2 protein chains.
Amino acid sequence: MSTHAIHSDALAQKLADSGLRNTPQREVVYDALLKKRDHPTADEVFARVKPQLPGISLATVYNCLETLTQCDLVRAVNFERGPTRYCPNLHQHAHFHDETTGATHDIELPAALIAKIKSVLPPGYKADALEITFRGKLPASR
Amino acid sequence: MSTHAIHSDALAQKLADSGLRNTPQREVVYDALLKKRDHPTADEVFARVKPQLPGISLATVYNCLETLTQCDLVRAVNFERGPTRYCPNLHQHAHFHDETTGATHDIELPAALIAKIKSVLPPGYKADALEITFRGKLPASR
DNA sequence: GCCCTTCTTTAGAATTATTCCAATTACGAC
DNA sequence: GTCGTAATTGGAATAATTCTAAAGAAGGGC
């Protein structure tokens with residue numbers, strides 16, 4: 001079974017779990033995120049799926065991204081006031097936002113560190129989500 | 001010397017350092033942030049300063065907040081797609097965003113932990129800024 | 001297979017937060 | 001005082017996203 005098929009199954013499964021239908025639009029949007037993991041914006045996703053589904057609308061892309069986020073297949077990421085970006089990496093991870101290129105890199109976080117960070121919360125605080133973002137410049141040589 | 005005067009001096013000083021002028025608008029905006037540290041939006045700041053300076057415009061509030069941020073007197077904070085919020089706490093700290101009330105609480109971070117977090121970055125990555133946000137629910141009893 | 005209900009998609013209008021712009025207004029230096 | 005720059009103002013403009021109403025599939029029960 002190809003990687004694509006595995007992911008496609010995961011999509012169908014997760015959608016079914018939430019009582020939602022699998023549609024061509026949702027498939028191509030999810031596919032686009034998996035194929036190029038550069039944290040695209042909704043607009044960028046729209047541009048990427050258009051060739052495969054010329055009739056798709058931007059509103060649908062927004063709908064699909066929202067649905068995928070709800071199903072925990074995709075994570076929405078925000079950097080300051082910029083447009084929301086989407087990331088199919090479900091692993092708990094941080095983001096490094098390169099100010100020179102505007103690119104975003106995933107930074108894996110050891111589970112122990114995450115636990116340690118959550119432990120600074122005062123008693124009674126319970127975190128459902130933890131968002132960690134670095135901002136900086138990468139040497140141009142990369 | 002009152003706390004206010006100290007802060008007012010800090011404002012004048014920092015502005016002068018950047019070759020900027022101190023204006024009544026900048027003073028009341030900064031004052032509003034210091035007086036009620038609940039991470040207000042630009043709109044909220046606008047509403048709070050209006051009584052003291054009825055002629056002030058929303059554009060000016062945005063300008064002042066931007067200026068204060070540039071001078072490192074204030075930090076701009078973003079939660080997902082919401083409006084930018086402003087925080088006069090310059091201490092390195094994280095934010096806890098309470099999903100029930102929408103309130104934001106500052107979480108102080110030990111310097112050692114910050115260092116540890118930064119140390120997970122691969123070689124070559126240099127972080128100028130680090131943003132840490134928790135999202136969750138606080139017991140209603142608070 | 002057909003009908004009914006529900007879920008999706010679509011195009012375009014509407015909204016929200018923010019920035020831009022051009023025209024005053026206010027300082028500070030000389 | 002005058003001049004040049006900086007700051008403020010109101011309104012128009014923009015960007016990203018959401019809303020809305022209508023049309024289009026898709027299953028389930030018969």
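A note on names: the letters A, B, ... follow the listed sequences, proteins ahead of strands, and every chain is numbered from 1. All values reported here derive from a predicted model rather than from experimental measurement.
- The side chain of A/Ala42 has D/dT17 as its nearest neighbour among D/dT9, D/dT17, C/dA11.
- Between A/Leu53 atom CG and C/dA11 atom P the separation is 11 Å, expressed in whole Å.
- Hydrophobic cluster membership for B/Phe79: B/Val77 (Ile, Leu, Val, Met, Phe, Trp, Tyr linked by side-chain heavy atoms under 4.5 Å, directly or transitively).
- For the pair B/Ser18 (side chain) and B/Leu20 (backbone), a donor-acceptor distance under 3.5 Å is absent.
- Residue B/Tyr86 contributes atom OH, which lies 10 Å from atom C1' of C/dA17 at whole-angstrom precision.
- B/Leu15 has its CG atom 12 Å from the P atom of C/dG28, to the nearest Å.
- Applying a 4.0 Å cut-off to non-hydrogen atoms, the residues of residues 18-25 of chain B that approach DNA chain D are B/Leu20, B/Arg21, B/Thr23, B/Gln25, listed by residue number.
- Separating the CG atom of B/Leu58 from the P atom of C/dC20 is a distance of 14 Å, rounded to the nearest angstrom.
- In this structure, A/Thr67 and B/Tyr62 both approach DNA chain C, and ranking their closest nucleotides by distance from the 5' end singles out A/Thr67.
- B/His95 has its ring centre less than 6.0 Å from the ring centre of B/His93.
- Distance, B/Glu44 CD to C/dT16 C1': 14 Å, rounded to whole Å.
- One atom, CD1 of B/Ile56, and another, P of C/dT24, lie 21 Å apart when rounded to the nearest Å.
- Here the P atom of nucleotide D/dA25 and the CZ atom of A/Arg26 are 16 Å apart, to the nearest Å.
- Residues B/Thr84 and A/Arg81 bring a donor and an acceptor atom of their side chains to less than 3.5 Å of each other.
- Protein atom CZ of B/Arg81 is 19 Å distant from nucleotide atom P of C/dT15, rounded to whole Å.
- Not a single donor-acceptor pair under 3.5 Å links the side chain of A/Arg26 to the backbone N or O of A/Leu65.
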